[in-house]
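Written out below as structure tokens is the structure these notes cover.
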Amino acid sequence: MNVKPYLVALAAAAAVLAVASVAQEGVGAKEAAAEKKGGALKLARAAELEKMRKFENVSPTLAVAVKSCLLQAREEPTTNEEAGSPSGTDLGEVAGTFFRAVGRKVREICGEVPPDAAKAGDGKVYVHVDVLIKNLSDITQRVLPADFTLATPDGYTVNYNVKTYAAADPFDAIYLPPGGSSGGMLVFVLPPCDEYTLHYYNPETKGAGTKRVLVTKAD
């Protein structure tokens with residue numbers, strides 16, 4: 001028996017097995033790294049959601065917490081709506097346009113202009129933001145739904161939609177006593193995003209600030 005070819009074949013097989021073993025270890029390492037990264041992302045998101053749900057000072061006189069932010073698809077427009085007939089008018093959009101115009105004018109007068117209201121594309125959704133507020137001042141202050149606007153990351157900003165009042169627990173205007181808390185649902189119409197920015201401005205107290213809002217999925 002010629003041993004040399006046998007040894008060569010054996011060495012070649014061992015080399016193939018070694019390469020396969022290294023490749024398998026590489027795959028395992030990548031999977032472990034991906035799992036570790038996924039775990040870190042989950043922890044980071046949990047921390048961000050926890051921060052969103054805690055009171056955060058958006059002005060010297062008001063703290064805001066956001067319990068949840070959920071997206072809801074809007075109904076497809078009917079033929080009348082597409083034609084722009086009165087029966088197809090979205091009163092929420094009309095109210096939103098009016099309040100945006102008034103709010104922007106107030107902010108311009110006060111020297112605080114909100115982000116540019118760029119035109120949004122098709123496919124907008126209802127954004128349900130469950131808000132909690134707390135009066136940090138030593139006097140009673142009035143807080144209105146119109147004090148809040150919601151913006152996409154690219155700066156498209158809207159006031160609340162009248163769908164707010166169809167919610168089970170709508171955010172109502174309130175005279176909030178010192179140290180008092182209240183809250184409710186605000187509904188906005190915006191393009192779907194993973195996160196938004198809630199803007200607060202009170203024309204009476206001149207208090208203003210922002211809070212980051214993450215869309216809460218099944219977490």
Side-chain angles (χ1 to χ4, degrees), residues 48-72 74 90-115 117 124-152 156-190 193 195-216:
E48 290 170 346
L49 285 171
E50 184 180 2
K51 181 180 179 182
M52 180 184 83
R53 289 166 175 154
K54 287 184 176 179
F55 280 114
E56 188 175 1
N57 295 9
V58 296
S59 81
T61 59
L62 195 77
V64 173
V66 176
K67 293 167 62 178
S68 66
C69 175
L70 301 172
L71 306 185
Q72 178 190 12
R74 298 173 72 203
D90 186 338
L91 295 179
E93 293 285 5
V94 173
T97 300
F98 171 76
F99 283 118
R100 285 198 297 276
V102 173
R104 187 174 185 85
K105 194 63 181 175
V106 168
R107 288 167 171 78
E108 287 175 350
I109 292 172
C110 296
E112 182 189 334
V113 180
K124 289 184 283 188
V125 296
Y126 293 119
V127 184
H128 297 251
V129 183
D130 195 356
V131 177
L132 292 173
I133 59 172
K134 183 176 182 180
N135 184 356
L136 302 176
S137 71
D138 56 2
I139 61 172
T140 296
Q141 62 173 313
R142 184 173 65 159
V143 183
L144 306 172
D147 293 343
F148 297 92
T149 56
L150 195 66
T152 61
Y156 178 71
T157 307
V158 297
N159 206 297
Y160 75 98
N161 186 277
V162 294
K163 285 282 186 180
T164 292
Y165 296 105
D169 181 26
F171 187 103
D172 287 321
I174 186 172
Y175 283 92
L176 204 61
S181 299
S182 184
M185 190 70 70
L186 288 166
V187 180
F188 304 88
V189 175
L190 284 167
C193 298
E195 68 174 81
Y196 299 91
T197 300
L198 186 68
H199 292 261
Y200 169 74
Y201 177 75
N202 188 314
E204 294 180 3
T205 64
K206 302 298 185 293
T210 63
K211 184 172 178 65
R212 186 184 182 205
V213 178
L214 299 176
V215 172
T216 46

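It should be emphasised that the depicted structure is a prediction, and the values quoted were computed from it without experimental measurement.
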Seminar exercise, completed: d(Leu186 CG, Tyr160 OH) to nearest 0.5 Å is 9.0 Å

Problem set entry | Distance in Å, Lys67 NZ paired with Leu49 CG, rounded so as to fall on 0.5 Å steps | 14.5 Å

For this session: Check side-chain contact (heavy atoms from CB on, under 4.5 Å) between Pro170 and all other residues, then give those that pass, not counting sequence neighbours.
Result: Thr164, Tyr165, Asp172

Exercise. What are the two closest non-hydrogen atoms of Asn159 and Phe188, and how far apart are they?
Worked result: O-CD2, 3.5 Å

Problem set entry | For the student: nearest non-hydrogen atoms of Cys193 and Val215, plus distance | O-CG2, 3.1 Å

Exercise. Is a donor on one side and an acceptor on the other found under 3.5 Å between the side chain of Ser59 and the backbone of Ala208?
Worked result: no

Problem set entry | Approximate separation, where rounding is to 0.5 Å, of His128 NE2 and Leu70 CG | 7.5 Å

Problem set entry | Salt bridge present between Glu56 and Arg212 (N-O < 4.0 angstrom) | no

For this session: Please report the shortest heavy-atom distance between Cys69 and Tyr196, naming the atom on each side.
Result: SG-CD1, 4.3 Å

For this session: Return the set of residues passing side-chain contact (heavy atoms from CB on, under 4.5 Å) with Ala173 (not counting sequence neighbours), or none when no residue passes.
Result: Leu144, Pro145

For this session: Evaluate the criterion side chain to side chain contact (heavy atoms under 4.5 Å, CB included) for residue pair Tyr175 and Arg142; output intermediate values, then yes/no.
Result: CA-CA 4 Å; Tyr175 283 92; Arg142 184 173 65 159; 3.5 Å; yes

Problem set entry | Verdict with reasoning, Val187 to Gln72, per side chain to side chain contact (heavy atoms under 4.5 Å, CB included) | CA-CA 10 Å; Val187 180; Gln72 178 190 12; over 6 Å; no

Exercise. So which of Thr149, Leu190, Val127, Thr152 actually passes side-chain contact (heavy atoms from CB on, under 4.5 Å) with Val158?
Worked result: Leu190

Contacts under 3.5 angstrom, residues 130-141 side chains, donor-acceptor by atom type, not counting sequence neighbours:
unit_1	atom_1	unit_2	atom_2	d
Asn135	OD1	Ser137	N	2.8
Asn135	OD1	Ser137	OG	2.7
Asn135	OD1	Gln141	NE2	2.7
Asn135	ND2	Ile139	O	2.9
Asn135	ND2	Leu176	O	2.8
Asn135	ND2	Pro177	O	3.2
Ser137	OG	Ile139	N	3.4
Ser137	OG	Ile139	O	2.9
Gln141	NE2	Thr61	O	2.7

For this session: Indicate yes or no: at least one non-hydrogen side-chain atom of Leu62 is less than 4.5 angstrom from one of Asn202.
Result: no

Problem set entry | Candidate list Val58, Thr197, Asn57, test side-chain contact (heavy atoms from CB on, under 4.5 Å), partner Lys211, passing option | Val58

Problem set entry | From CA spacing to verdict: side chain to side chain contact (heavy atoms under 4.5 Å, CB included), Val129, Leu150 | CA-CA 9 Å; Val129 183; Leu150 195 66; 4.0 Å; yes

Seminar exercise, completed: One should read off an interatomic distance between Arg53 CZ and Leu214 CG, to the nearest 0.5 angstrom, of 9.0 Å

Exercise. For the residue pair Phe171 and Val143, what are the closest heavy atoms and their distance?
Worked result: CZ-CG1, 4.0 Å

Problem set entry | Expected output: side-chain Asp169 to main-chain Gly183 donor-acceptor under 3.5 Å | no

Seminar exercise, completed: Distance col, row Leu71:CG vs Tyr126:OH, nearest 0.5 angstrom, shows 13.0 Å

